[in-house]
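Treat the numbers as computed from the prediction; the structure is a model and nothing was measured. A note on names: the letters A, B, ... follow the listed sequences, proteins ahead of strands, and every chain is numbered from 1.
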2 protein chains.
Amino acid sequence: MSVIVNTDSRQNMIQSTALLMRERGVDATSFSEVLAHSGAPRGSIYHHFPGGKAQLIEEATRFAGEFTAAGLAAAMRDSEPVAAVRGFVSLWRKILTRSDFGAGCPVVAAALEGDRAPAVRDAAAKAFSQWEELLADAVEPHAPGRAHSIATLIIASIEGAVVLARAQRSVAPLERVAEELDRVITAALG
Amino acid sequence: MSVIVNTDSRQNMIQSTALLMRERGVDATSFSEVLAHSGAPRGSIYHHFPGGKAQLIEEATRFAGEFTAAGLAAAMRDSEPVAAVRGFVSLWRKILTRSDFGAGCPVVAAALEGDRAPAVRDAAAKAFSQWEELLADAVEPHAPGRAHSIATLIIASIEGAVVLARAQRSVAPLERVAEELDRVITAALG
DNA sequence: GTCTATACGAAGATAGAC
DNA sequence: GTCTATCTTCGTATAGAC
């Protein structure tokens with residue numbers, strides 16, 4: 001029986017991959033760049049990821065999904081839905097402006113470019129489901145029956161707004177979406 | 001003074017490129033595939049597109065943006081906003097199911113992967129702006145002051161829902177977003 | 001306007017030494 | 001567990017004939 005140990009190298013590679021994915025996309029994230037970014041030694045690629053690039057991308061997608069889910073869960077635990085969503089938007093505003101609109105969502109990148117690798121696509125699908133579920137659970141008590149559709153609207157519109165914002169190099173789309181989401185959530189919970 | 005003539009070969013290549021982009025993304029759309037799909041002769045690539053792949057992708061993005069804008073304009077001209085958006089959603093439902101969730105939005109692909117080529121990113125940005133403007137103009141008479149943010153919510157949430165739908169291989173996210181958009185638009189115009 | 005042939009680079013993957 | 005070297009494939013791009 002073997003035990004997988006997350007050495008520093010391995011974990012660093014996964015995190016670097018997630019960071020590169022959100023800037024360049026899946027295809028353009030090469031081993032060379034992952035190694036340069038993570039400082040990992042070349043010989044460790046296929047040692048840690050015998051499944052090659054597909055495995056690395058899959059694990060990075062899962063990591064990004066769970067990282068975001070943890071943040072969302074904390075926000076939903078500490079705040080009312082309206083405030084939590086505002087916080088989520090603020091996080092995206094920071095990511096966009098600090099990267100000069102070079103960084104987006106790694107899970108979206110995985111969903112689009114990982115289309116040919118089922119495991120990657122499924123990891124993206126699971127991440128989206130997790131996020132929706134977290135939001136739906138928080139909304140459910142206030143808007144029974146409509147919680148799921150509101151949660152989906154939140155995730156979809158914010159992810160879409162991030163794409164628009166990157167293309168237009170402006171946070172304006174994100175702000176406008178946030179404004180409308182604020183109305184929707186407030187009205188539904190009122 | 002030279003005049004650019006859109007020969008069949010050239011236009012076919014542009015349309016094929018847009019179709020391939022929405023399935024594979026920008027990076028994975030190679031000349032070989034564009035040629036195979038369009039039936040264009042190999043020798044015509046750099047004849048028609050001296051700027052190489054960047055130019056081809058840019059023109060395909062512009063084509064896709066204007067094609068969609070024309071459809072949106074017609075819908076907004078013939079129907080009330082609520083019905084027009086429903087029609088837009090139906091179009092996406094068809095694209096997703098007919099392609100077995102293999103096809104998404106080529107403009108989104110351009111926005112994400114064309115990040116390194118400013119001309120491509122700008123073409124995507126312009127497409128999104130066009131669409132928003134068309135929607136905002138139709139909503140403006142009913143909801144002055146809020147038309148732009150509603151228009152952005154519609155575009156962003158539908159584009160986001162298409163990404164979610166592809167990952168999860170289900171139209172459910174699109175349906176849920178459509179349901180909420182219906183409420184938002186009906187309420188705003190009421 | 002279209003053809004073939006080819007240059008050139010980068011990518012993922014593998015083998016075998018240390 | 002990490003290294004170097006190499007294989008193979010595929011991509012864009014170019015040159016020059018027809």
Worksheet item: B:V89 and side-chain contact (heavy atoms from CB on, under 4.5 Å): which partner among B:I154, B:L174, B:V171?
Response: B:L174
Item to complete: Nearest whole angstrom, please: distance from the P of C:dG12 to the CD1 of A:I45.
Response: 8 Å
Fill in: Distance, rounded to the nearest Å, where A:L56 contributes CG and C:dA13 contributes P
10 Å
Item to complete: Grab the CZ-C1' distance between A:R24 and C:dA10 for me, whole Å please.
Response: 15 Å
Worksheet, complete the sentence: note: A:L35, atom CG; D:dT4, atom P; distance rounded to Å ~ 12 Å
Response to the item:
Whole-Å distance, A:D27 CG to D:dC10 P, equals 15 Å
Response to the item:
A:Y46 atom OH is separated from C:dA11 atom P, nearest whole Å, by 13 Å
Item to complete: Could you tell me whether the phosphate oxygens of D:dT2, OP1 or OP2, come under 4.0 Å of any side-chain nitrogen or oxygen in A:H47?
Response: no
Worksheet item: Will you find, in the side chains of A:R176 and B:S149, an N or O donor that is under 3.5 Å from an N or O acceptor?
Response: no
Discussion item. Distance check needed: D:dA13 P versus B:R42 CZ, whole Å only.
Written reply: 12 Å
Discussion item. Nearest heavy atom decides the nucleotide; on that basis, is A:P50 or A:A28 closer to the 5' end of DNA chain C?
Written reply: A:A28
Discussion item. From CD of A:Q55 over to P of C:dA13, roughly how many Å is that when rounded to an integer?
Written reply: 11 Å
Fill in: Residue-phosphate contact under 4.0 Å: A:S30 side-chain N/O, C:dA11 OP1/OP2
yes
Item to complete: Give a yes/no on whether any side-chain N or O of B:H48 is located under 4.0 angstrom from OP1 or OP2 of C:dT2.
Response: yes
Fill in: Exercise: do B:Q15 and B:S38 side chains pair donor with acceptor under 3.5 Å
no
Worksheet item: Contact class for B:F31 vs. all strands (heavy atom < 4.0 Å): base, sugar-phosphate, or nothing?
Response: sugar-phosphate
